[in-house]
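Worksheet: the structure to be examined is printed underneath.
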Amino acid sequence: MHKLTLLILISLSFDFFAQDYWFVRDTVKGSPKSAMAATSFQNIGLIIGGLDEFGFKRKMYSYSPFQDDWDEEVSLGGPSGDGLERGSSCAFTLYHENMQKAYVCLGQTPTVPYMKDLWEFNPQTETWSQKANFSGTPRRQAVCFTATNVAYVGTGEDASGLKKDFYAYDPESNSWTQVADFAGTARRDAVAFELNGYGFVGTGDDGTLKNDLWMYDFQSDTWIDKASFPGTPRAGAVAWGAFPVAYLGTGEDDSGAFKNDLYEYNYFLNAWVQRANMPAPGRKNAFAFYIDGVSYVGAGYNGVFLEDFWAYSGTAGINPLETITLQLFPNPVQHYLQIQSSEMMQQLRIFSMDGKQLFASLNQANELKLDVSQWPAGTYLFQSEIKGKKHVKSFVKCD
């Protein structure tokens, strides 16, 4: 009953954004490359490291959707970070010390085939600091996702072969804890994403290429088999969550073909549908991130290194040429949630994931500060009407 109520809410909120369009964006800064780590961070995208025709890199670049422009940032490890060049690493964003911070871990360097270090980037001081090493074996080509302000990292390849173990990183205690092994086969070059506080892992290479999908429930520490990816089995794809859906595409399939297709996974229906192909050459080891309703995919390798960059406005997306900006921060939030819009908002509402309305206001406003300190930890949906269209964004309340 609750799921049905929420499904109706989501359908009403998102149907006007049925775009399914790709838009070319500013070329990725730096050399053409693949195997970069990527995450979204304070309404910008970050890419770190990677591999180009000359070797591994440690530079970091940021992308602003509102300026459609890339900037060079502080390289991984800072000015004294020699030896931190790497590819096939993991990147994620967590809320720590009252701000969002970016993290990079694992990967492969020019001299070390398997890494286990973890680095944290502070945007206020623009500095990198080394944190607790990953507690599993050193590895590359692993996957990661975040849920309730904890990062989960696992699978990949180490010196002994393919892995299926998983570990949780807590930024508050700066510590790693082993959790249940991935329920699929040990593998490398899989994809991972988060939806509604659950982690998802699928595809990849276990000696043969895979098209399965598994969901991780951190509360019960269990993995649940979900609907298999309907495209050809593949490795080196990209995927990202855009609640209530996720997207998976590109990669190299079992015929050796580089793919430019895109599929959408619906969380509530546990079903897939094919969407518009990326209007560019197929590729593997691209990067992807998701910002304010728009998906971004770029770079990669298909026999040559690539530097093109594309925005995708999907069924839950916002036209990247749209001038409206809507921000919720901090996200995750502990005490006060701030909501800001470039245009006047009206009919403001917040729903829990069981469809219960927790907040409503008919007042018009450009910004709102809301005390959520007494709300239970979990994922919530903010909905407002702006210039005659409903906009929906999710946020996480953490303890």
Side-chain angles (χ1 to χ4, degrees), residues 34-39 87-92 106-107 139-146 152-158 161-166 181-195 198-216 223-242 245-267 269-275 277-278 281-290 295 297-302 312 314:
S34 71
M36 290 165 282
T39 186
S88 302
S89 57
C90 292
F92 49 86
L106 313 183
R139 65 191 65 189
R140 64 191 182 205
Q141 297 166 297
V143 296
C144 63
F145 56 85
T146 62
Y152 295 86
V153 181
T155 70
E157 180 181 21
D158 71 2
L162 301 178
K163 308 298 292 183
K164 62 185 299 182
D165 50 344
F166 249 88
D181 284 359
F182 174 56
T185 55
R187 66 190 64 188
R188 63 184 178 185
D189 270 346
V191 299
F193 54 88
E194 179 272 338
L195 283 178
Y198 297 96
F200 290 78
V201 176
T203 68
D205 179 6
D206 72 351
T208 60
L209 300 188
K210 309 296 291 184
N211 68 342
D212 54 348
L213 181 70
W214 297 82
M215 183 180 82
Y216 176 71
W223 292 87
I224 302 165
D225 192 8
K226 307 300 285 187
S228 293
F229 173 68
T232 54
R234 66 193 61 192
V238 294
W240 62 93
V245 299
Y247 295 95
L248 194 160
T250 70
E252 184 178 10
D253 74 9
D254 47 10
S255 71
F258 295 106
K259 309 298 290 184
N260 67 347
D261 52 355
L262 182 70
Y263 290 80
E264 178 186 277
Y265 173 78
N266 187 295
Y267 171 82
L269 301 179
N270 184 34
W272 294 87
V273 61
Q274 188 166 9
R275 295 301 182 191
N277 286 358
M278 184 178 179
R283 66 199 63 203
K284 67 177 181 180
N285 297 334
F287 70 84
F289 46 73
Y290 180 73
S295 310
V297 179
Y301 181 82
N302 63 1
Y312 174 72

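From a predicted model like this one, the values you see are computed outputs, not experimental measurements.
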Checklist entry - When you measure from the side chain of K284 to the backbone N and O of A235, does any donor-acceptor pair fall under 3.5 Å? => result no
Checklist entry - side-chain contact (heavy atoms from CB on, under 4.5 Å) between K226 and I224: does it pass, once the steps are laid out? => result CA-CA 6 Å; K226 307 300 285 187; I224 302 165; 4.1 Å; yes
Next on the checklist: Can you give me the closest heavy-atom contact between L209 and E252, atom names plus distance?
Outcome noted: CD1-O, 3.5 Å
Checklist entry - Considering all heavy atoms of both residues, which atom of A37 and which atom of C90 are nearest to each other, and what is their separation? => result CB-C, 4.1 Å
Checklist outcome for this item: Residues N277 and D261: closest non-hydrogen pair is OD1-CA, 3.4 Å
Item to check | Short side-chain to backbone donor-acceptor contact, D205 and R188, under 3.5 Å | outcome: no
Item to check | Close side-chain approach of F182 and D165, heavy atoms under 4.5 Å | outcome: no
Checklist entry - CG of L269 to CD of E264: how many Å apart, nearest 0.5 Å? => result 9.5 Å
Checklist outcome for this item: Result for side-chain hydrogen bond (donor to acceptor under 3.5 Å, both in side chains) between Q141 and one of D158, N285, D189 points to D189
Next on the checklist: Rounded at 0.5 Å granularity, tell me how far CD in Q274 sits from CG in L262.
Outcome noted: 8.5 Å
Checklist outcome for this item: Closest non-hydrogen contact found for T232 with K259 is OG1-CE, 3.9 Å
Next on the checklist: Just verifying a value: how many Å separate F287 CZ and T250 OG1, rounded to the nearest 0.5 Å?
Outcome noted: 11.5 Å
Checklist entry - With side chains defined as the heavy atoms from C-beta onward, is the minimum distance between F166 and W223 less than 4.5 Å? => result yes
Checklist entry - Distance-only, no hydrogens or angles: does the R187 side chain make a donor-acceptor pair with backbone N or O of T155 under 3.5 Å? => result no
Next on the checklist: Quick check against the 3.5 Å criterion: does N302 have a side-chain atom that pairs as donor or acceptor with the backbone of G282?
Outcome noted: yes
Checklist outcome for this item: Residues C144 and V153: closest non-hydrogen pair is CB-CG2, 3.8 Å
Checklist entry - Can you name the nearest heavy-atom pair linking A286 to G298, along with the distance? => result CB-O, 3.3 Å
Next on the checklist: By the definition side-chain hydrogen bond (donor to acceptor under 3.5 Å, both in side chains), identify the one residue from W240, Y312, Y290 that meets it with S295.
Outcome noted: W240
Item to check | Check: R283 side chain, A299 main-chain N or O, donor-acceptor pair, under 3.5 Å | outcome: yes
Checklist entry - Can you tell me how far the OH atom of Y198 sits from the CE atom of M215, to the nearest 0.5 Å? => result 5.5 Å
Checklist entry - Would you call P230 and Y263 a side-chain contact if the rule is heavy atoms closer than 4.5 Å? => result yes
Checklist entry - Aromatic rings Y265 and F193: how do their planes relate, parallel, tilted or perpendicular, breaks at 30° and 60°? => result tilted
Checklist entry - If only atom types and distance count, is the side chain of N270 paired as donor or acceptor with the main-chain N or O of A227 below 3.5 Å? => result yes
Checklist entry - Just by modelled atom types, is the M278 backbone N or O under 3.5 Å from a matching donor or acceptor in the N260 side chain? => result yes
Checklist entry - Where do F200 and L195 land on the side-chain contact (heavy atoms from CB on, under 4.5 Å) test, with the steps shown first? => result CA-CA 8 Å; F200 290 78; L195 283 178; 3.7 Å; yes
Checklist entry - How many angstroms lie between atom OG1 of T208 and atom CG of D254, to the nearest 0.5 angstrom? => result 8.5 Å
Next on the checklist: Once rounded to the nearest 0.5 Å, what's the spacing between atom CG of L162 and atom OG1 of T185?
Outcome noted: 8.5 Å
Checklist entry - Tell me, do W272 and L213 make a side-chain contact under 4.5 Å, heavy atoms counted? => result yes
